[in-house]
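Worksheet for the structure shown next.
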Amino acid sequence: MSEFHTKRVAEIIQKIMYVTIATVCEDGSPWNSPVYSAFDADLNFYWFSDKDSQHSRNIRATGEAFIVVYDSTVPEGTGEGAYLQVNVHELMDETEVMAAKTVCDERVGKEKDRDYSKYSGDAPLRGYKASPVKVWMNDDAKNPDGSYLKDVRVEIPIDVILFRLSLPN
């Protein structure tokens with residue numbers, strides 16, 4: 001891990017609003033879903049999805065997921081991303097749901113939505129919170145002549161990312 005990796009992971013997390021959530025279905029098959037998300041000061045990610053969507057059902061069954069925050073805005077061959085192993089749960093408590101909604105609304109500058117009934121009871125949407133267990137960034141290994149050898153992942157301690165995110169841009 002280097003200062004470059006730490007800085008770049010923080011930049012990617014701050015810049016990219018859509019993440020891909022990878023979950024596992026009951027039969028063991030993989031399931032990926034892109035969702036709009038926001039994160040808090042503890043690097044918890046939040047999103048709202050249909051409670052009956054496949055990824056929501058998978059989360060309820062396992063409580064685990066993998067999130068990729070990938071910067072696809074850069075030129076071909078230079079893409080970088082943050083990879084997060086996370087524990088996830090559906091938010092049930094009104095205070096937690098409204099706090100998550102505030103984090104999401106503030107990310108895009110929307111007026112705060114304070115209607116809990118949209119995310120509980122018979123309503124189709126639910127809020128989800130993903131807490132990081134481990135974080136990596138992709139990089140590549142080079143041959144002695146400087147040519148590409150292979151992709152690698154560099155683990156970055158969560159506390160180092162949190163410190164970097166707390167710094168002024």
(request) Under the side chain to side chain donor-acceptor pair (under 3.5 Å) rule, collect the residues that match up with D40, sequence neighbours excluded. (result) N44, Y46
(message) Hydrophobic clustering (ILVMFWY, side-chain heavy atoms < 4.5 Å, transitive) - are V103 and F45 grouped together?
(response) no
(message) Between S53 and S49 (side chain of the first, backbone of the second, donor and acceptor by atom type, cut-off under 3.5 Å), is there such a pair?
(response) no
(message) Given 3.5 Å as the limit, does a donor-acceptor pair link the side chain of T102 with the main chain of M98, or not?
(response) yes
(request) Pick out which of R153, K134, M137, E155 makes a side-chain contact (heavy atoms from CB on, under 4.5 Å) with Y83. (result) R153
(request) Kindly indicate, with the supporting measurements, whether the criterion side-chain contact (heavy atoms from CB on, under 4.5 Å) is fulfilled by E111 and D105. (result) CA-CA 7 Å; E111 186 175 319; D105 291 347; over 6 Å; no
(message) If hydrophobic clusters are built from ILVMFWY residues whose side chains come within less than 4.5 Å, do I161 and F4 share one?
(response) yes
(message) Can you give me the closest heavy-atom contact between A10 and R164, atom names plus distance?
(response) CB-CG, 3.3 Å
(request) Side-chain contact test, heavy atoms from C-beta onward, threshold under 4.5 Å: evaluate it for E64 versus N87 and give yes or no. (result) yes
(message) So does D52 get a backbone contact from the side chain of D50, meaning a donor-acceptor N/O pair under 3.5 Å?
(response) yes
(message) In this structure, is the centre-to-centre distance between the rings of Y119 and F48 below 6.0 Å?
(response) yes
(message) Using side-chain heavy atoms (C-beta onward) and a distance below 4.5 Å, is F39 in contact with R107?
(response) yes
(request) Treating Ile, Leu, Val, Met, Phe, Trp and Tyr as nodes and any side-chain heavy-atom pair under 4.5 angstrom as an edge, say whether V35 and I13 lie in one connected cluster. (result) yes
(message) A side-chain contact here means heavy atoms from C-beta on lying under 4.5 Å apart; do E94 and S120 qualify?
(response) no
(request) Run the numbers on K15 and D71 for salt bridge (charged side-chain N to carboxylate O under 4.0 Å, His left out), then give the verdict. (result) CA-CA 8 Å; K15 176 182 176 183; D71 187 357; 3.3 Å; yes
(message) Please determine whether residues V69 and L165 belong to a single hydrophobic cluster, defined as Ile, Leu, Val, Met, Phe, Trp and Tyr linked transitively by side-chain heavy-atom distances below 4.5 Å.
(response) yes
(request) Could you tell me which non-hydrogen atom of I12 sits nearest to which non-hydrogen atom of A82, and how far apart they are? (result) CG2-N, 4.4 Å
(request) If a pair satisfies side-chain hydrogen bond (donor to acceptor under 3.5 Å, both in side chains) and one of its residues is in residues 18-28, list it, with sequence neighbours excluded. (result) T23-N58, D27-S29
(message) With rounding to the nearest 0.5 angstrom, report the CD1 to OG distance, I67 to S33.
(response) 11.0 Å
(request) Could you tell me the separation between the OH atom of Y128 and the NZ atom of K51, rounded to the nearest 0.5 Å? (result) 9.0 Å
(request) May I ask whether L162 and V19 are part of the same hydrophobic cluster, defined by side-chain heavy atoms of I, L, V, M, F, W, Y residues being less than 4.5 angstrom apart, directly or through others? (result) yes
(request) Would you please classify the geometry between the W136 ring and the F66 ring as parallel, tilted or perpendicular, with 30° and 60° separating the classes? (result) parallel
(request) Return the minimal non-hydrogen interatomic distance between C104 and Y36, and the atom names on each side. (result) O-OH, 2.6 Å
(message) Let me confirm one number: the OG1-CD1 distance from T73 to I16, rounded to the nearest 0.5 Å.
(response) 5.5 Å
(request) Starting at OG1 of T62, measure out to NE2 of H89 and round the result to the nearest 0.5 Å. (result) 13.5 Å
(request) Would you give the length of the straight line joining atom CG of L91 to atom NZ of K101, rounded to the nearest 0.5 angstrom? (result) 12.5 Å
(request) Taking side chain to side chain contact (heavy atoms under 4.5 Å, CB included) as the test, write out the residues that go with M92, two or more places apart. (result) E90
(request) Give, for atom CD1 of I156 and atom NZ of K7, the distance between the pair rounded to the nearest 0.5 Å. (result) 13.5 Å
(message) Apply side-chain contact (heavy atoms from CB on, under 4.5 Å) to residues E80 and N138 and explain how you reach the verdict.
(response) CA-CA 6 Å; E80 299 166 325; N138 64 305; 3.9 Å; yes
